[in-house]
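Numbered from 1 within each chain, the chains take letters A, B, ... in sequence-line order. Note that these values count all heavy atoms, side chains included, but never hydrogens, waters or copies made by symmetry.
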There are 2 protein chains.
Amino acid sequence: MISNSYQRIKELLVESGLKATHPRIAVLHELTKDEHPSAEQLHEKIREQNPSISLGSVHRILEKLVEANLAYRVATRSGTKRYDANLEPHSHIYSVNTEEIQDYHDPELNELIRDYFEKKQVGNFKITDIKLQINGEKADPDQQVTIL
Amino acid sequence: MISNSYQRIKELLVESGLKATHPRIAVLHELTKDEHPSAEQLHEKIREQNPSISLGSVHRILEKLVEANLAYRVATRSGTKRYDANLEPHSHIYSVNTEEIQDYHDPELNELIRDYFEKKQVGNFKITDIKLQINGEKADPDQQVTIL
DNA sequence: CTCGGTGCAAATTATTTGCAGACGT
DNA sequence: ACGTCTGCAAATAATTTGCACCGAG
């Protein structure tokens with residue numbers, strides 16, 4: 001199950017009304033592989049294959065992708081923006097000690113929470129999505145976190 | 001129920017092993033009143049009463065308070081750090097259009113989620129807390145969001 | 001008196017923007 | 001060819017830090 005070929009990424013861009021330029025393909029491609037990177041981190045990775053793409057452009061492209069709903073910003077406490085191209089509704093596991101952010105997808109829990117809020121009266125606010133933020137510490141920083 | 005007198009704030013600082021200096025009292029006092037401000041916003045407010053306190057110090061003090069568990073950083077997507085002195089476990093309602101962050105306290109829901117995770121097997125990770133992030137848009141930006 | 005705390009300004013880090021040229025459609 | 005996109009570098013924003021002085025305990 002290859003996640004996203006270059007061809008697929010081009011399609012995504014075009015469908016969203018963006019020109020499928022090389023820098024954009026590179027950013028979106030890397031973004032689908034990486035785990036919630038910052039612009040800086042993405043730039044590092046991209047420049048390995050593609051030294052000419054500038055950091056400023058990575059910033060601009062990321063904001064474009066957010067605008068086009070091909071990615072979104074991940075909330076962090078660190079003061080630097082981080083991005084995610086995983087568009088499925090999902091929550092995040094945040095490791096305080098390693099600054100890592102891991103996806104956590106749990107349809108059962110989603111539904112539980114959604115049901116809960118259906119019963120609530122929320123005034124003057126249109127809820128677009130509800131996410132969990134699961135904070136804690138990795139025991140072994142080099143190992144993955146597992147949830148069964 | 002006055003939330004926090006100067007006297008109480010002094011106590012908090014001292015109990016946490018921090019000297020109760022005027023700048024710290026001012027920051028913590030303002031932080032308990034304000035709604036998730038940034039260092040910059042706090043500095044604006046504080047300087048009205050206390051023009052000599054520098055922005056750099058506000059930054060330093062806020063980090064000290066976090067370290068001492070008298071406040072914490074609020075996760076945002078905006079790339080600027082924001083702080084909160086409300087130590088009760090609570091979640092946040094985030095208005096995308098106004099950048100506002102509002103507290104949302106719901107013991108029933110907390111318990112629901114906690115129970116849910118008790119049944120899960122989480123490996124290599126010690127959960128310290130689980131927060132909801134309720135994202136959406138304020139219908140009327142000038143009115144409060146209400147949840148019954 | 002002794003440190004830790006602070007003001008100030010400079011340094012660092014992160015992001016945005018203006019502009020001229022390059023490139024995708 | 002056209003208008004958008006990009007590289008580059010300079011501008012702006014946000015945070016951190018060095019240093020000399022101040023003040024609470």
Just how far, in rounded Å, is [atom2] of [N] from [atom1] of [X]?
| X | N | atom1 | atom2 | value |
| --- | --- | --- | --- | --- |
| A:Leu13 | D:dC5 | CG | P | 11 Å |
| B:Ile53 | D:dC22 | CD1 | C1' | 14 Å |
| B:Asn50 | C:dT6 | CG | P | 11 Å |
| B:Lys10 | D:dA24 | NZ | P | 10 Å |

Throw together a table of side-chain donor-acceptor distances under 3.5 angstrom for residues 11-19 of chain A, partners on residues two or more places apart or in other chains.
residue: A:Glu11; atom: OE1; partner: A:Arg8; partner atom: NH1; Å: 3.1
residue: A:Ser16; atom: OG; partner: A:Leu12; partner atom: O; Å: 2.9

* To do: For the pair A:Arg73 and A:Glu63, evaluate side chain to side chain contact (heavy atoms under 4.5 Å, CB included) and give the outcome as yes or no after the intermediate values.
  => CA-CA 9 Å; A:Arg73 290 196 215 102; A:Glu63 288 307 307; 2.7 Å; yes
* Between B:Lys81 and B:Tyr72, is NZ or CZ placed under 6.0 angstrom from the six-membered ring centre and within 45° of the ring axis? -> no
* Asked: Can A:Ile9 be reached from A:Ile46 by stepping across I, L, V, M, F, W or Y side chains whose heavy atoms are under 4.5 Å apart?
  ->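 Hydrophobic grouping puts A:Ile46 with A:Ile9.
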* To do: Following the transitive rule for hydrophobic clusters with a side-chain heavy-atom cut-off under 4.5 Å over Ile, Leu, Val, Met, Phe, Trp and Tyr, establish whether A:Val96 and B:Leu62 coincide in one cluster.
  =>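 They do not share one cluster, since no chain of ILVMFWY contacts under 4.5 Å joins A:Val96 to B:Leu62.
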* Residues in contact with DNA chain D, drawn from residues 34-46 of chain B - heavy-atom cutoff 4.0 Å -> none
* Of all of residues 58-73 of chain B, which get a heavy atom below 4.0 angstrom from DNA chain D, listed by number? -> B:His59, B:Arg60
* To do: Please report the closest heavy-atom contact between A:Tyr83 and A:Val74, naming both atoms and the distance.
  =>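 Closest approach of A:Tyr83 to A:Val74, heavy atoms only: C-CG2, 3.9 Å.
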* To do: Kindly point out which of D:dC5, C:dT6, C:dT15 is positioned nearest to the side chain of A:Leu55?
  =>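 Selected nucleotide: C:dT15.
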Pick out the pairs of N or O atoms, protein on one side and nucleotides 21-25 of chain C on the other, that lie under 3.5 Å.
none

* Structure fact -> Taking five pairs at each terminus, the helix from C:dC1-D:dG25 to C:dT25-D:dA1 shows an axis bend, to 10°, of 40°
* Asked: Is the distance between the ring centroids of B:His36 and B:His92 less than 6.0 Å?
  ->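 Yes, the ring centres sit under 6.0 Å apart.
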* To do: Determine whether the aromatic ring centres of A:His90 and A:Tyr104 lie less than 6.0 Å apart.
  => no
* Give B:Thr80 one of three labels, base, sugar-phosphate or nothing, depending on what nucleic acid heavy atoms sit under 4.0 Å from its own. => sugar-phosphate
* To do: Starting from the 5' end of DNA chain D, give me the residue, B:Lys81 or A:Arg24, whose nearest nucleotide shows up first.
  =>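 Here A:Arg24 is the residue nearer the 5' end.
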* To do: Please check the phosphate of D:dG7 (OP1 and OP2 only) for any side-chain N or O of A:Ser54 closer than 4.0 Å.
  => yes
* **Ion pair A:Arg82/A:Asp84, N-O distance below 4.0 Å** =>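 No.
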* Are A:Glu30 and A:Lys33 close enough for a salt bridge, meaning some N to O gap below 4.0 Å? -> yes
* Asked: Does A:Ser95 use its side chain to pair, donor to acceptor, with the backbone of A:Thr98 at less than 3.5 Å?
  ->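 Not confirmed, A:Ser95 side chain does not pair with A:Thr98 backbone.
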* State whether a side-chain donor-acceptor pair under 3.5 Å links A:Glu108 with A:Asn110. => no
* Where at least one partner belongs to residues 136-148 of chain B, residue pairs that pass side chain to side chain donor-acceptor pair (under 3.5 Å), sequence neighbours excluded -> B:Glu100-B:Lys138
